[in-house]
Amino acid sequence: MSTLESNKETFEYKAEMKQLLHLIIHSLYTHPEIFLRELISNASDASNKVRYLQMSDDTILDRNKELSIKIEADDKAQTFSIEDSGIGMSRDDLIKNIGMIASSGTLAFLKQVKEEKKDAGDLIGQFGVGFYSAFMVTDEITIETRHADKDSVGLRWTSSGDGSYSIEEIDKSERGTKISFKLKDDFKEFSQEYKIKETIKKYSNFADFSIFIGKEKVNTVEALWIKNKKDIKEEDLNAFYKFVSNDWEDPLAHLHLSLEGVGSTFKALLFIPQKDSFDLMRTQDHKTLQLYSNKVMIMEDCKDLLPEYLHFLRGVVDTADLSLNVSREMVQSSPVMQKLKTTLTSKVLQWLEKMASKETEKYNDFYKVFGRLFKYGVNNDFVNKDKVIDLVRFETSLQKEGELSSFKEYVSRMKEDQQEIYYLTGENRAQVENNPNMEYFKKHETEVLFLIDPSDAFIIPSIQEYDGKKVKAIDKGDIDLKDPEKEEEKDNKLSEALIDLFKETLKDRTEDVKVSKRLVDSAVTLVAKADGADKHTEHLMKMMGQEMPSSKRILEVNTDHAVIRNLSKRYIANDKDPMLTKCIVQLFESAQLIDDELSSKNDYVKRMMEIMEEATQ
Ligand code: ADP
């Protein structure tokens, strides 16, 4: 092969690329076999791309060439190479795709390892770390490639991963890419066939193309989703899941669908992972479902197949309804896709319903991991809203920490005279349990839903009613509680006069002052107006940078409390007693203190000292 020396150009890597290389070499060494998975996956992607072109473009190079992946290894020379007949790379591709961090997965990976100081080994399963993982096992890589475009030229790329790479033109007659290198001594076993075979069985058995080592074909090429359910073994499903998702663990559950005739014809194999290692709430660019048309992959990550709240699913959907000759953009806007999405969504919801009733523990495991994303269906899926509401789960005041209940279960446990469904929002279980507004409910053993996940606050406004019963926050003013022991207190003129003094004293700082029915042990509490946002929601909005004008609250006073009774006595003796207003302000601010809303600690403590001084005289 002649090399045109004048064509050889050297390029410097960007700083983040150097970081990535460093990270890969120094933190992935516990999982060296990853490089093989990544190279096969790239070869398979490149073959998929060209298979798609073969059907739509008749000018491409080597149009009828068979698509396969060939691995050669020589254990004496300690060399390894992998060759595909895929789409190949142009000079631009080499610079943009290989010379820079192109994959969002790689970037996300890099960020997580850096920011969260996680063990890289735990993360690589979820992120493709890409081509550069080969630098774990070698010091220098050569890529020889030619793009499928008929006017392309052959190119050789070389780099020792130390800060620069070079590209030169070469003679290469056939389309595709060959990657070759010499293995470092520590990793020389990857030049042995048995080791390569073993690794392929583990990670790449379902690659859609034949993989050869020398002349021997080593993988099973089959579209598992086409087979009959009864012919598929659990272990094949698990292996297939790992292949499509890059996960290391088995899936939590799978759904195999085969629909014919009714609106859309398709087959699908869907999986729920056990863990959300990618953090679906933060990263929009994680992968979802692969779209196939008659076993040919059209899109590797087709987000339009499912509404966003179901994007925790992985797997494949294969439909014969899409014409292969249409462009990818047209695929996205095709009415076939809309039908597919509707059907898939309702099938997935049915599946989850069944799991929730028949395999409750499994469902709850799913909910604990993906509930945060899933529950947004309440707001975002108008058609299936009621189904999603039935699948939403909460902890409750009468159940142990970590146990989950549905609205339906809550309603089935409601007391005969209970008309409404009660909830309380907060940051965590301890905080809601100790909220003074819980006192009435604890005393009467009335169950309260605990909305302690941040996204709960966003969906609850869309759930006004369930099963004909109003859904009410127990820290809002409009709640109608019955407490026979407190009925007589209501008409007590004395407490009314004292309440008026509260109102007068706090008129600029509260919306209103009322006799409380929800307090048992505490003297006072602050509640939101019926139409006001509770403080937890205000806090969340603030965190998200959406400042809400903080609304004044209603102060509720427990007229059974010893301090309030004592104040009443003082009031009868002398309604101008300065101790009265001092205590009223102190009570109000102590309720603010509990809610983390106290503005001046100094004033508060100063006043407390004055009150203590008088009490200790
Ligand atoms: P990822 O595969 O996650 O995008 P990689 O670092 O593995 O990240 O690869 C970067 C890009 O390089 C790929 O997206 C692809 O465009 C290109 N590439 C890598 N290997 C090949 C190959 N064998 N044939 C054609 N293109 C390739």
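Start at 1 and go down the list; that is how both ligands and their atoms are numbered.
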Q. Any idea how F374 and Y309 line up, ring-wise: parallel (<30°), tilted (30 to 60°), or perpendicular (>60°)?
A. tilted
**Q.** Side-chain ion pair, K375 and D456, N-O less than 4.0 Å
**A.** yes
Q: Determine the interplanar angle of the H254 and F271 rings, folded into 0 to 90°, and report it as parallel if under 30°, tilted if 30 to 60°, perpendicular if over 60°.
A: tilted
**Q.** Parallel, tilted or perpendicular: rings of F131 and W157 (30°, 60°)
**A.** perpendicular
Q.
When you measure from the heavy atoms of M89 to every atom of ligand 1, does any distance fall below 4.0 Å?
A. yes
**Q.** Identity of the nearest option to atom 25 (C) of ligand 1, non-hydrogen atoms only, from A46, G86, A134, A148
**A.** A46
Q) Less than 3.5 Å between some nitrogen or oxygen of Y132 and one of ligand 1, yes or no? A) no
Q: May I ask you to decide if the ring planes of F240 and W225 are parallel, tilted or perpendicular, using 30° and 60° as cut-offs?
A: tilted
Q) So, is F131 polar-close to ligand 1, with some N/O to N/O distance under 3.5 Å? A) yes
Q.
Given L94, L39, I143, N97, identify the one with the heavy atom nearest to atom 16 (O) of ligand 1.
A. N97
Q | N42 N/O under 3.5 Å from ligand 1 N/O | A | yes
